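Below, all heavy atoms of this structure are taken into account, side chains as well, without hydrogens, waters or symmetry copies. Since the structure is predicted, the reported quantities are computational estimates derived from the model, not experimental observations. Order of the sequence lines sets the chain letters (A, B, ...), proteins ahead of strands, with each chain counted from 1.
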Amino acid sequence: MLKVATWNVNSLRVRLPQLRDWLTAEQPDLLGLQETKVTDADFPRADIESLGYAVTFAGQKSYNGVAILSRQPATEILVDIPGFATEERRVLAATFGTVRMINLYVPNGSEVGSEKYDFKLRWLAALTLWLKSELAGHAHAVVVGDFNIAPDERDVHDPEVWKDGVLFNAAVRSAFQGLVDIGLCDTFRLHSQEGGQFSWWDYRMAAFRRNLGLRIDHVLASSHLCKTCTACRIDKAPRKLERPSDHTPVIAEFNL
DNA sequence: ATGGTGGCGCGGCCA
């Protein structure tokens, strides 16, 4: 069994005790973290290694930052979309045995019409081109992370409220579909067709208590891996803790 | 009503 998870922790240093407890409980084989918000020099490597995980990371000061925790050591590490290098540490790809893991923190986009929004769309276009070659080279690939895109109406508590926003408008949903169409599946939708199942809730307005959320964190898998996917679930438990991340983990399991 | 909350880091940006 292969267990793959993703969690936007919104500061690794703040969430380290929660991560420790969660790893002990869930024991994933591969975990992609986003918004670690820590430089590589300050990364709590020893804390994570003491939990029995190897760790690969690409961080920066204050913003962004990605990491992959694994049972096996990483090889073939990439920290940028080839040909689309930026200062922003949002990409970490590595190989673990026969599995290629691509961990993403997709740009939020701020607001439609902004420079950040334009960057989000260009970033997604470059990502899609690159992932075609990644899939061509790796039959067993998982693409996980905070995509900052809710794929369809079921994934948004109120589509009317979000329909023109950067997380759900037609352009970003089309970009998400274009990404899936290169040969991926949304593992969550292999097992559940219900709406109202979210992975992120705004800290404000008691959004979690009222379930005013979005499903924007995803575990996508290559066609071959999709055939072996036995489960995908959103683990709401960490979002209920004191001082939580605004995101909660998504976990997929594969019969490998 | 451009609010509300949280992280970084110590003023303002970002989500």
Between NZ of K37(A) and P of dA15(B) the distance, given in whole Å, is 9 Å

Scan Y105(A) against the nucleic acid and name what it touches under 4.0 Å (heavy atoms): base, sugar-phosphate only, or nothing. sugar-phosphate

Do the side-chain N or O atoms of S62(A) get closer than 4.0 angstrom to the phosphate oxygens (OP1, OP2) of dC14(B)? no

Less than 4.0 angstrom from a charged side-chain N to a carboxylate O is my criterion; do E35(A) and R15(A) meet it? no

Between C1' on dG7(B) and CG on D42(A), what's the gap in Å once rounded to a whole number? 15 Å

Below 4.0 angstrom from OP1 or OP2 of dC8(B), is there any side-chain N or O of S11(A)? yes

In terms of side-chain heavy atoms of Y63(A), which of dG6(B), dC8(B), dC14(B) is nearest? dC14(B)

Both N64(A) and T36(A) contact DNA chain B. Taking the nearest nucleotide for each, which residue is further toward the 5' end? T36(A)

Starting from P on dG3(B), measure out to CE on M205(A) and report it in whole angstrom. 13 Å

Nucleotide dG6(B), atom P - distance to CZ of R13(A) in whole Å: 19 Å

Would you please say whether a donor-acceptor pair under 3.5 Å links the side chains of Q18(A) and R243(A)? no

Interatomic distance at P, dA1(B) relative to dG11(B), whole Å: 33 Å

If you assign N108(A) and R204(A) each to the DNA chain B nucleotide with the nearest heavy atom, which residue ends up on the more 5' nucleotide? R204(A)

In whole angstroms, how far is the C1' atom of dC14(B) from the OH atom of Y203(A)? 13 Å

Rounded to whole angstrom, note down the P distance from dT2(B) over to dA15(B). 22 Å

D146(A) CG to dG7(B) P: how many Å, rounded? 16 Å

In whole Å, what is the span from the CG atom of L12(A) to the C1' atom of dG7(B)? 13 Å

Below 4.0 Å: OP1/OP2 of dG7(B) and any side-chain N or O of R243(A): yes

When every non-hydrogen atom of H224(A) is compared with those of T228(A), the smallest separation belongs to O-CG2, 3.6 Å

Gap in Å between the two P atoms, one belonging to dG9(B) and one to dT5(B), rounded: 22 Å

Is there a salt bridge (Lys or Arg N to Asp or Glu O under 4.0 Å) between D186(A) and R215(A) once you walk through the steps? CA-CA 11 Å; D186(A) 177 353; R215(A) 191 175 70 91; 2.8 Å; yes

How long is the line joining CD of E88(A) and C1' of dA15(B), in whole Å? 13 Å

Starting the side chain at C-beta, find the nucleotide from dG7(B), dG9(B), dC14(B) nearest to N10(A). dG7(B)

Looking at K61(A), does any N or O in its side chain come under 4.0 Å of the phosphate oxygens OP1/OP2 on dC8(B)? no

Checking side-chain polar atoms at under 3.5 Å, does Q60(A) have a donor or acceptor matched by the opposite partner on R90(A)? no

